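Worth saying up front: this structure is predicted, and the values here are computed from it rather than measured. Sequence positions, counted from 1, serve as the residue numbers for this chain.
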Amino acid sequence: MLKVEHIGIAVKDLNKANELFGQLFNNAHYKIESVESEGVDTSFFKVGDTKIELLEASNEDSAIAKFIEKRGEGIHHIAYEVEDIHAEMKRLSEAGFTLINKEPKKGADNKLVCFLHPKSTNGVLIELCQEITGS
Ligand code: ZN
C-alpha cells in the first residue's frame, strides 16, 4: 500500500461539518460530490499529503445512516491508496481478509474502490483505492 489516501468521517449534517472542519483545518473543502450508488454526499479537505472525506447519508438505507444510528458520528473508514487494486484484492483475499466487494467499484474523487469487512480487520473498515487515470 502506498499511503493513507484519506480518512472517512461520518457526519449528520454535511454543511455544518464543512464549516467546522474548515475552521479546524483553516482551509475550506475543495469539492462536494454525491455518490448515488452508496447513498452518500461527500466533501473533501486536503490536509498536507492526505485528505479527509466527510460523509453524510443521502437516504435512510445508506450505510452511513446505519453507521450513525449504531455508533454515532465519527471515524468511518481509513482509505489506503494502492497501485493495482485488482492485485491487492487478490493478495488480501488469499491472505484471509474478507472483501465486501468482489469487483472494484467507482467511488468518490475519481477512484476505484473496494472495502474490507471490519470483522477481518480489528473493527476498522478499510478502503482500498486506486486513482482512475485517463478519461
Ligand atoms: Zn473513502
Side-chain angles (χ1 to χ4, degrees):
M1 297 191 188
L2 300 173
K3 65 168 188 181
V4 173
E5 213 280 335
H6 65 268
I7 294 172
I9 298 176
V11 303
K12 285 183 184 163
D13 183 327
L14 195 60
N15 287 329
K16 276 191 194 158
N18 278 338
E19 232 171 87
L20 184 94
F21 281 88
Q23 276 182 331
L24 180 69
F25 301 140
N26 199 20
N27 194 3
H29 58 282
Y30 67 92
K31 81 152 97 175
I32 289 191
E33 190 179 341
S34 295
V35 185
E36 254 173 62
S37 57
E38 295 291 305
V40 293
D41 296 322
T42 68
S43 69
F44 284 86
F45 292 81
K46 278 208 170 78
V47 185
D49 228 16
T50 187
K51 299 169 192 162
I52 298 294
E53 173 186 31
L54 303 181
L55 304 125
E56 182 194 333
S58 58
N59 66 62
E60 288 171 4
D61 299 324
S62 157
I64 295 301
K66 288 175 187 150
F67 177 88
I68 287 178
E69 205 173 288
K70 259 202 235 163
R71 311 199 16 197
E73 294 181 295
I75 293 182
H76 177 259
H77 64 270
I78 299 180
Y80 295 93
E81 185 175 2
V82 299
E83 219 158 15
D84 180 343
I85 195 165
H86 291 93
E88 280 297 285
M89 286 170 70
K90 184 166 183 286
R91 180 180 75 82
L92 293 169
S93 161
E94 283 170 2
F97 291 92
T98 307
L99 306 184
I100 294 176
N101 315 102
K102 285 211 174 86
E103 290 292 326
K105 56 183 184 174
K106 177 104 174 39
D109 205 28
N110 197 39
K111 299 275 197 294
L112 281 176
V113 304
C114 169
F115 287 90
L116 304 189
H117 200 287
K119 260 192 237 162
S120 64
T121 49
N122 288 75
V124 181
L125 179 62
I126 304 280
E127 173 185 340
L128 307 176
C129 62
Q130 179 187 347
E131 182 100 38
I132 299 170
T133 50
S135 61

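- In this structure, the side chain of Gln130 engages the main chain of Ile85 through a donor-acceptor pair within 3.5 Å.
- Judged by distance alone, the side chain of Asn110 and the main-chain N or O of Ile132 form a donor-acceptor pair under 3.5 Å.
- Residues Leu125 and Met89 fall into different hydrophobic clusters, defined by Ile, Leu, Val, Met, Phe, Trp and Tyr side chains chained together at heavy-atom separations under 4.5 Å.
- Residue Ile75 qualifies as open at atom CD1: its count of foreign heavy atoms under 6.0 Å is 12 or below.
- Formation of a donor-acceptor pair under 3.5 Å by the Thr98 side chain with backbone atoms of Ser120 is not found in this model.
- Every residue was checked against the salt bridge (charged side-chain N to carboxylate O under 4.0 Å, His left out) condition with Glu103, not counting sequence neighbours, and none meets it.
- Heavy-atom minimum distance, Ala10 versus Phe67: CB-CD2, 3.7 Å.
- Classification of the His77-Phe115 ring pair by plane angle, with boundaries at 30° and 60°, yields perpendicular.
- Using a distance-only test at 3.5 Å, with no hydrogens or angles considered, no donor-acceptor pair links the side chain of Ser62 to the main chain of Ala57.
- Using a 4.0 Å cut-off between charged side-chain N and carboxylate O, Lys111 and Glu131 make a salt bridge.
- Between Ile52 atom CD1 and Lys46 atom NZ the span is 13.0 Å, to the nearest 0.5 Å.
- Following chains of ILVMFWY side-chain contacts shorter than 4.5 Å, one cannot reach Val35 starting from Leu14, and the two form parts of different hydrophobic clusters.
- Within 6.0 Å of CG on Asn59 lie more than 12 heavy atoms contributed by other residues, nucleotides or ligands.
- Within a 6.0 Å radius of NZ in Lys106, other residues, nucleotides and ligands contribute more than 12 heavy atoms.
- Note: Ile9 CD1 to Thr42 OG1 = 13.0 Å, rounded to the nearest 0.5 Å.
- In the hydrophobic clustering of this structure, Val124 groups with Met1; members are Ile, Leu, Val, Met, Phe, Trp, Tyr whose side-chain heavy atoms approach within less than 4.5 Å, directly or through other members.
- A donor-acceptor contact closer than 3.5 angstrom links the side chains of Glu127 and His6.
- Residues Glu33 and Ala108 share a closest heavy-atom pair of OE2-CA, 3.6 Å.
- Smallest separation of non-hydrogen atoms from Pro104 and His86: CG-NE2, 3.5 Å.
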Step-by-step side chain to side chain contact (heavy atoms under 4.5 Å, CB included) determination, Lys51 to Asp109: CA-CA 11 Å; Lys51 299 169 192 162; Asp109 205 28; 2.9 Å; yes
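- Between Leu20 and Val11 the shortest side-chain heavy-atom distance does not fall below 4.5 Å.
- Here Thr121 contributes atom OG1 and Ile126 contributes atom CD1; the two are 5.0 Å apart, rounded to the nearest 0.5 Å.
- Remark: Glu56 CD to Glu73 CD distance equals 9.5 Å, nearest 0.5 Å.
- The hydrophobic cluster containing Leu55 does not contain Phe25, counting ILVMFWY residues as joined when their side-chain heavy atoms lie under 4.5 angstrom apart, directly or transitively.
- Heavy-atom contacts from other residues, nucleotides or ligands closer than 6.0 Å to CG of Asp49 number 12 or fewer.
- Cluster membership check: Val82 shares its hydrophobic cluster with Ile78, using side-chain heavy-atom separations under 4.5 Å among Ile, Leu, Val, Met, Phe, Trp and Tyr.
- Salt bridge Glu19/Lys16: absent, no basic N to carboxylate O contact under 4.0 Å.
- The heavy-atom pair separating Ser58 from Val40 by the smallest distance is OG-N, 3.3 Å.
- Note that the CG atom of Leu116 and the CG atom of Leu128 stand 5.0 Å from one another [nearest 0.5 Å].
- Between the side chains of His76 and Glu53, no donor-acceptor pair of N or O atoms lies under 3.5 Å.
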Could you go through the salt bridge (Lys or Arg N to Asp or Glu O under 4.0 Å) check for Glu88 and Arg91 one step at a time? CA-CA 5 Å; Glu88 280 297 285; Arg91 180 180 75 82; 2.9 Å; yes
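- Thr50 places a side-chain N or O within 3.5 Å of a backbone atom of Glu5 that can act as its donor or acceptor partner.
- The CD1 atom of Ile7 lies 14.0 Å from the CZ atom of Phe45; values are rounded to the nearest 0.5 Å.
- Within a 6.0 Å radius of NZ in Lys90, no more than 12 heavy atoms belonging to other residues, nucleotides or ligands are found.
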